[in-house]
Amino acid sequence: MADSCCSATRNPFTHTETPAVSVAIEDLSKSFGPLEVLRNVSFKVEPGEIFVLMGPSGSGKSVLLKHIVGLERPTGGRVTVDGRAAAAEETREQIRMALVFQAGALFNSMTVYDNLALYPREHRIADEAGIREKVMRALQILSLENAAEKYPSELSGGMKKRVAIARALVMEPQLMLYDEPTSELDPVMSATISEIIATLKDQYHVTTIVVSHDRDLALNIADRVGILMGGKLVFLGTRDELRGSADPRVVDFLNPKIDLANPRFKQLET
Amino acid sequence: MRTLTRVLEGIGSTLQLLVRSLSHVPTLPRQWGRFIEQCYLIGYTTLPIVAILSFFIGSVLALQSGYSMENFGAKQFIGSLVGLSIARELGPVMCAILLAGRVGSAIAAELASMKVYQEIDALETMNIPPARILVLPRLAAVLVMMPVLAIIANLVGWFGGAIVAKYTDFIAIDPPAYFAALRRFMEFKDVLNGLIKAEVFGFAVVLVSCNIGLNTRGGPREIGASVTRAVVTSLILILVLDYFVTKALL
C-alpha cells in the first residue's frame with residue numbers, strides 16, 4: 001500500500017511537490033454493442049501507489065485504462081480521479097495524467113526530441129531553452145540522450161517504450177498509466193522497464209497504474225494487484241496475497257502448466 | 001436506412017469538427033510553422049499537376065469549340081468561350097478534383113494512420129486537441145492556397161487555348177484577337193465567382209478528409225478504406241456544392 005512518503009508527487013524537473021492523486025473505479029461496466037467488456041468492476045488506487053492490473057488478453061484491461069484517461073465513456077458506473085469524473089475535460093486540465101501506450105504511440109513524423117517537446121510547447125509551459133532542458137533531462141533519466149535526433153522508425157522496441165515513458169515524464173504527471181509496457185520485449189528489457197516504473201514511482205511518488213500480463217513485473221514492483229477475467233475483477237490484493245492465492249483461476253493464470261496430453265486449445269474446441 | 005443514418009452521422013461529425021476547429025482560431029498565429037507547411041503541401045505540391053491539366057483543358061476546349069464554331073462563322077468568340085468556361089466552371093472544379101485526389105487522400109491517409117496507431121489518442125491524453133493542431137492549420141492553408149491555384153489554373157488554361165487557337169489550321173486566331181474576345185465578354189465578377197467556388201470546394205474537401213481520417217476505426221486495412229471514402233465523398237460533394245454555389249452566384 002502507499003505509505004506516508006507518497007502523499008505528494010515530486011516534480012522531476014522543478015523538485016516541487018503536488019498532492020498525489022487517487023483513482024476510484026466504481027461499478028464500472030462497458031459494452032460495445034452486444035459485447036460486454038467490463039462488468040461491475042470496482043477498486044481504488046491510493047495516492048502514490050503502484051497498482052498492477054493483470055488478466056488474460058481480451059479481459060478488458062486496456063479498455064479500463066482508457067476510461068481512466070477519459071478516452072472511453074462508461075456504459076455504467078463511474079471512474080473518478082482525485083474525486084473528479086475522469087471523462088470530464090476539466091479533469092484533464094486540472095490533473096496531469098500520462099498514458100504510455102502499448103505500441104508507444106510516438107508521433108512518427110517527429111524526432112524523439114520533438115515528440116517530447118510537443119506537450120510543453122503546446123501548453124506553453126516554458127520557453128524553448130526551458131523546454132530543451134526539460135526534454136534532455138527526461139531523456140537523461142531514461143538513458144536516451146543519444147536518441148534525441150532519431151525518428152521513431154529508427155528505434156528498437158525497447159527504446160520506443162523508453163521514449164514513450166520519457167514523453168510521459170515531460171508532462172510532469174501526477175498519474176502515470178502504462179498499457180502493457182513490457183509486451184514484445186526480451187526478458188532483460190522487460191526487467192529494465194519494470195525497474196524504470198518502480199524508480200519513477202520511488203523518486204517522484206507518481207500514482208502508477210500498470211496494465212500487464214507480465215507476472216514478474218507484478219510480483220516485483222506492484223504495491224497491489226488486480227486480476228480481471230472476462231470483464232470481472234476476480235482478485236484484488238497485495239503481491240504477497242497474490243503469491244499465496246489458492247484461487248484456481250489465479251493459480252492457473254500465474255503458473256499455467258503446458259499440458260501436451262490435454263492441450264487447452266482442444267478443450268476450447270469442445 | 002442505414003446508409004441515410006451514416007450520411008447524417010457524417011454530416012454531424014463534420015460540422016462538429018468544424019466548430020471545434022474554429023474554436024481554436026485564436027491559436028493560429030502561434031501555429032505559423034504548421035500553416036506554412038500545409039500551404040506548401042496544399043499549394044506548391046499541387047501546382048504542377050494543376051498547371052498541366054489546365055493547359056490541356058484550355059487547349060481541348062479551344063480545339064473543340066473551334067471545330068464546332070467554325071461551322072457558324074463564330075470562331076472569333078473562341079477566346080470568350082474558353083475564358084468564361086475556365087474561369088466560371090472548369091478552373092475551380094478541376095482544382096478541387098485534383099485537391100481531393102492529391103491532398104484529400106494524403107490528409108485522410110495521414111490522420112487515419114495516426115488514429116489507428118493511437119497517435120490521436122496520445123494527443124488527447126496530452127490535452128492537445130487534434131482539431132487545433134491537425135485540422136485548423138490545414139483549413140487555414142486551403143483558404144489561402146485555393147484561390148492561388150484557381151488563378152493559376154485560369155491563366156494557364158487561357159494560355160493553352162490561345163496556343164491552340166493560333167497553331168491549329170482551321171482556327172488560326174492570333175493571341176491578341178483571342179485575348180480581346182476573352183476580355184470583351186468576361187467581367188471581374190466571373191473570375192471572382194470562380195474563386196469563391198474554388199474556396200468553398202477546397203474548404204469542403206479538406207474538412208471532409210480530416211473528419212474521415214480522424215474517425216477511422218480498426219486496423220491498417222481501414223486506412224485504405226478511409227482514403228477511398230475521403231476521395232469519393234469529396235468528389236460527390238464538389239459536384240453537389242457546384243450546383244448550389246453556382247445557383248447562388250448567378
Side-chain angles (χ1 to χ4, degrees), chain A residues 32-33 62-63 65-72 81 86-110 114-125 128 152-153 160 163-165 167-173 175-180, chain B residues 2 5-6 9 16 19-21 23-38 40-41 45 106-138 210 213-220 223:
Chain A
F32 294 104
S62 297
V63 173
L65 208 58
K66 284 184 174 178
H67 279 87
I68 299 171
V69 288
L71 289 175
E72 293 284 356
V81 180
E89 211 165 295
E90 309 83 65
T91 307
R92 266 187 274 174
E93 284 164 12
Q94 288 159 356
I95 296 170
R96 293 185 304 278
M97 292 184 257
L99 171 59
V100 177
F101 288 85
Q102 186 172 357
L106 300 176
F107 304 114
N108 284 314
S109 58
M110 297 180 192
D114 287 332
N115 261 278
L116 269 67
L118 183 68
Y119 179 85
R121 274 181 188 149
E122 285 301 317
H123 292 277
R124 293 193 278 185
I125 285 169
E128 204 53 41
S153 59
K160 276 184 189 165
V163 171
I165 295 172
R167 186 175 70 178
L169 201 59
V170 170
M171 293 171 68
E172 304 169 8
L175 173 62
M176 277 282 261
L177 303 134
Y178 299 84
D179 189 5
E180 305 279 11
Chain B
R2 262 181 71 184
T5 311
R6 277 180 59 185
E9 272 176 7
Q16 275 183 351
V19 171
R20 283 205 306 274
S21 304
S23 72
H24 296 295
V25 166
T27 68
L28 204 51
R30 62 186 175 94
Q31 298 202 65
W32 182 249
R34 287 190 193 109
F35 167 73
I36 295 295
E37 186 190 354
Q38 291 305 322
Y40 173 81
L41 291 172
T45 62
I107 290 173
E110 185 182 345
L111 299 192
S113 166
M114 289 182 76
K115 179 74 180 175
V116 166
Y117 295 108
Q118 293 187 303
E119 291 178 34
I120 301 292
D121 287 348
L123 283 176
E124 282 174 2
T125 58
M126 290 176 171
N127 205 21
I128 301 171
R132 186 174 85 200
I133 67 164
L134 298 174
V135 183
L136 183 63
R138 286 180 164 93
C210 286
L214 288 173
N215 283 303
T216 305
R217 281 181 183 273
I223 298 171

Inset, instruction - Look only at the side chain of His123(A) and the backbone of Met171(A), and say whether a donor-acceptor pair between them is shorter than 3.5 Å. - result: no
Legend entry - pair Pro129(B)-Arg20(B): side-chain heavy atoms closer than 4.5 Å: no
Legend entry - From Leu136(B) atom CG to Arg138(B) atom CZ, the distance as rounded to the nearest 0.5 Å: 11.0 Å
Legend entry - Listed partners of Arg167(A) passing salt bridge (Lys or Arg N to Asp or Glu O under 4.0 Å), at least two apart: none
Legend entry - From Leu28(B) atom CG to Ser21(B) atom OG, the distance as rounded to the nearest 0.5 Å: 11.0 Å
Inset, instruction - Salt-bridge test for Asp179(A) and Lys66(A): reply yes if a basic N is under 4.0 Å from a carboxylate O, no otherwise. - result: no
Inset, instruction - Please name the pair of heavy atoms, one in Val170(A) and one in Tyr119(A), separated by the smallest distance, quoted to 0.1 Å. - result: O-CD2, 4.5 Å
Inset, instruction - Identify which part of Ile133(B) has an atom lying under 4.5 Å from any heavy atom of chain A, answering side chain, backbone, both or neither. - result: side chain
Legend entry - Between CZ on residue Phe32(A) and CD on residue Glu72(A), distance to nearest 0.5 Å: 4.0 Å
Inset, instruction - Look only at the side chain of Glu124(B) and the backbone of Gly70(A), and say whether a donor-acceptor pair between them is shorter than 3.5 Å. - result: no
Legend entry - For chain B, which residues of residues 103-110 of chain A have heavy atoms nearer than 4.5 angstrom: Ala105(A), Leu106(A), Phe107(A), Asn108(A)
Inset, instruction - Please list, in residue-number order, every residue in residues 89-97 of chain A that has a heavy atom less than 4.5 Å from any heavy atom of chain B; write 'none' if there are none. - result: Arg92(A), Glu93(A), Met97(A)
Inset, instruction - To the nearest 0.5 Å, tell me how far Thr27(B) OG1 sits from Glu122(A) CD. - result: 8.0 Å
Legend entry - 4.5 Å side-chain heavy-atom contact, Val163(A) and Pro152(A): no
Inset, instruction - Give, for atom CZ of Arg2(B) and atom CD of Glu9(B), the distance between the pair rounded to the nearest 0.5 Å. - result: 10.5 Å
Inset, instruction - Return the option, out of Glu119(B), Gln118(B), Gln31(B), with the maximum number of heavy-atom pairs under 4.5 Å with chain A. - result: Glu119(B)
Inset, instruction - Using heavy atoms and a sub-4.5 Å threshold, report which of residues 106-117 of chain B line up against chain A, by residue number. - result: Met114(B), Tyr117(B)
Legend entry - Exercise: identify the closest heavy-atom pair between Thr216(B) and Gly213(B): OG1-O, 2.8 Å
Inset, instruction - First locate atom CG of Leu99(A), then atom OG1 of Thr125(B), and finally report the distance between them rounded to the nearest 0.5 Å. - result: 5.5 Å
